[in-house]
Amino acid sequence: MIKVDLSGAKPFFTTAGPDFAHARLAHETLSGGTGLGADFTGWGSLPQRIKEKELDRIVAAAEKIRGRSEALVVIGIGGSYLGARGAIELLHPHPGKGDPKIFFVGNGLSADALSDTIAQLGDMEFDVNVISKSGTTLEPAAAFRIFRELLHRKYGAHADEHIFATTDAARGVLKSLAVANGWESFVVPDDVGGRFSVLSAVGLLPMAVAGIDVRRVIDAAIAELTGLDLRSPENPAWQYAAARQHLYGKNFDIEILGCYEPSFRFMGEWWKQLFGESEGKDGKGIFPASVEYTADLHSMGQFIQAGPRNLMETIVRFKKSRTSFPFPFDEQNADGLNYLVGKDMSEISDTAAEAVKEAHVSGGVPNIVIEVPERNEEGFAALVCFFEVACAISGYMSGVNPFDQPGVEAYKKNMFRMLGKPGAV
Ligand code: PA5
């Protein structure tokens with residue numbers, strides 16, 4: 001279970017502190033299905049439903065791909081890829097022997113990035129997982145046309161056997177194509193929005209192909225969501241949501257998410273979409289940014305320590321390192337580092353984190369720590385559930401609909417008009 005440490009934020013609270021009564025109300029709105037966007041709150045029961053309905057088929061498809069292919073090309077953008085990429089980079093950053101390499105495409109429109117991936121793919125045996133809830137998003141649709149053609153060139157009449165489509169249960173072009181061509185299909189449930197869909201086939205199929213134990217992820221998520229149903233200020237999701245809304249009320253309107261594990265980078269990207277798209281509307285919202293420590297202390301550290309004082313900082317810390325790395329002794333000690341002997345690298349990193357917290361808090365940056373037991377399947381599931389519940393509560397506390405994203409359409413409208421899409425104005 002996640003723990004939230006607010007000790008570095010407390011100095012910035014008013015005497016009343018975070019509004020837990022408001023967090024309770026927001027939680028009740030969420031669980032009662034009485035709030036804005038209630039039709040999109042199915043992610044709360046998603047792990048249980050997936051376990052009952054689709055998990056076996058997801059694992060079987062992943063085994064098939066793992067057994068025959070050297071690569072999986074995952075085509076998707078936003079909520080249709082960030083979670084899977086976050087999980088894979090966090091838990092399985094380097095493919096082991098027999099693990100297919102995972103390529104992510106269709107998350108932009110760069111000709112160079114596409115050519116690069118195709119070059120890296122070379123003559124590898126590969127499968128494609130195309131993921132799009134709407135089935136109409138330009139970036140993945142364009143990439144899919146290109147990779148379908150590659151599949152046809154490589155596998156001829158068997159190309160369709162190498163396509164796995166994750167899309168709406170009934171609607172959209174991708175669904176129609178999947179039915180017409182007999183592609184194996186997985187569902188993005190109607191009541192789950194893209195950024196809340198990582199624990200559906202959207203995230204689970206690529207994760208399973210990469211070698212992540214998705215059954216463990218789902219079991220842990222079910223347990224975590226039960227724990228997060230607690231109606232009390234002890235609930236870590238209340239603590240985080242109420243603390244950040246309290247700080248927002250005091251003009252801290254930028255939140256930096258940081259971690260001392262470089263493998264967390266894409267979880268930061270996933271988190272940015274989750275909170276940015278859920279809360280940034282109606283002229284309100286905390287701007288989500290992310291940093292990688294300690295690397296970014298040498299680039300962004302100056303700004304964080306002494307720039308405008310509207311930043312709050314949330315640090316994800318994994319309590320236990322996966323490996324032990326004792327600092328080596330050197331008889332000459334020409335580099336003067338023998339004072340570190342007797343410590344593990346993870347201890348040195350933990351000390352750095354404490355030092356950074358002290359410095360940033362004294363420099364005027366409220367600090368929230370999210371403590372995760374381990375960087376493993378359970379830790380990942382706990383983080384996802386924690387952030388999703390906290391995001392919904394935080395969004396309701398700020399009075400917005402956390403489950404829509406009307407602002408995303410503006411650029412699309414212009415782009416389709418400029419590209420000459422039939423019917424676009
Ligand atoms: O959260 C969201 O709704 C978005 O990020 C979508 O996931 C993203 O735009 C991709 O949409 P789609 O899956 O329909 O292609």
Side-chain angles (χ1 to χ4, degrees), residues 1-32 34-37 41 44 227-258 271 274-276 278-289 304-317 353-354 356-372 382-383 385-403:
M1 184 91 182
I2 298 288
K3 279 197 190 133
V4 173
D5 173 4
L6 296 179
S7 59
K10 273 194 185 124
F12 303 88
F13 292 164
T14 58
T15 335
D19 190 349
F20 289 117
H22 198 186
R24 177 187 298 279
L25 214 63
H27 200 166
E28 276 160 12
T29 304
L30 173 67
S31 60
T34 53
L36 294 166
T41 51
L228 287 166
D229 201 35
L230 180 71
R231 306 303 161 92
S232 138
E234 299 296 302
N235 186 329
W238 286 27
Q239 292 169 358
Y240 178 52
R244 59 198 294 286
Q245 284 301 327
H246 183 72
L247 293 166
Y248 180 53
K250 297 191 72 197
N251 295 325
F252 293 100
D253 56 8
I254 298 178
E255 181 180 8
I256 308 167
L257 186 79
W271 172 88
L274 181 68
F275 279 83
S278 300
E279 291 189 326
K281 52 195 69 163
D282 307 340
K284 298 186 223 179
I286 300 169
F287 184 83
I304 296 167
Q305 186 69 40
R309 299 301 69 191
N310 60 343
L311 304 178
M312 59 175 118
E313 178 174 66
T314 297
I315 302 294
V316 173
R317 283 182 70 178
E354 286 309 317
V356 172
K357 177 176 171 181
E358 197 178 296
H360 287 179
V361 170
S362 67
V365 180
N367 177 288
I368 299 172
V369 177
I370 312 282
E371 201 180 275
V372 192
L383 267 173
C385 297
F386 164 77
F387 277 133
E388 287 181 349
V389 173
C391 179
I393 292 175
S394 179
Y396 277 148
M397 285 181 80
S398 77
V400 300
N401 176 354
F403 305 112

Q: Go through the side-chain N and O atoms of Asn251 and Asn310 and say whether any donor and acceptor fall under 3.5 Å apart.
A: no

Q. Do Ser398 and Glu279 have a side chain donor and acceptor closer than 3.5 Å?
A. no

Would you call [X] and [Y] a side-chain contact if the rule is heavy atoms closer than 4.5 Å?
X      : Y      : value
Val4   : Phe386 : yes
Glu255 : Leu311 : no
Phe275 : Ile286 : no
Asp229 : His27  : yes
Ile304 : His360 : yes
Trp238 : Arg231 : yes
Leu257 : Ile370 : no
Thr314 : Tyr240 : yes

Q: Determine, step by step, whether Met1 and Leu228 satisfy the side-chain contact (heavy atoms from CB on, under 4.5 Å) criterion, reporting the C-alpha distance in whole Å, the side-chain angles of both residues, the deciding distance to 0.1 Å, and the verdict.
A: CA-CA 9 Å; Met1 184 91 182; Leu228 287 166; 4.1 Å; yes

Mind checking the [atom1]-[atom2] spacing from [X] to [Y]? Nearest 0.5 Å is all I need.
X      : Y      : atom1 : atom2 : result
Gln239 : Ile2   : CD    : CD1   : 11.5 Å
His246 : Met312 : NE2   : CE    : 10.5 Å
Glu313 : Ile254 : CD    : CD1   : 13.0 Å
Ile315 : Ile256 : CD1   : CD1   : 8.0 Å
Asn367 : Asp5   : CG    : CG    : 7.5 Å

Can you give me the closest heavy-atom contact between [X] and [Y], atom names plus distance?
X      : Y      : answer
Tyr396 : Pro402 : CE2-CD, 3.5 Å
Gln305 : Arg309 : O-NH1, 3.1 Å
Thr41  : Phe403 : CG2-CE1, 3.4 Å
Ser394 : Gln245 : OG-NE2, 2.9 Å
Ser7   : Lys357 : OG-NZ, 2.9 Å
Ile368 : Ala243 : CD1-CB, 4.2 Å

Q | Under 3.5 Å donor-acceptor, Asp282 side chain and Lys284 backbone | A | no

More than 12 heavy atoms of other residues, nucleotides or ligands under 6.0 Å from [atom1] of [X]: yes or no?
X      : atom1 : result
Phe13  : CZ    : yes
Glu358 : CD    : no
Lys10  : NZ    : no

Q: Would you check, one step at a time, whether the test side-chain contact (heavy atoms from CB on, under 4.5 Å) holds for Lys250 with Thr14?
A: CA-CA 9 Å; Lys250 297 191 72 197; Thr14 58; 4.1 Å; yes

Q: Let me see the working for Val361 and Phe12 under side-chain contact (heavy atoms from CB on, under 4.5 Å), right down to the final yes or no.
A: CA-CA 9 Å; Val361 170; Phe12 303 88; 3.9 Å; yes

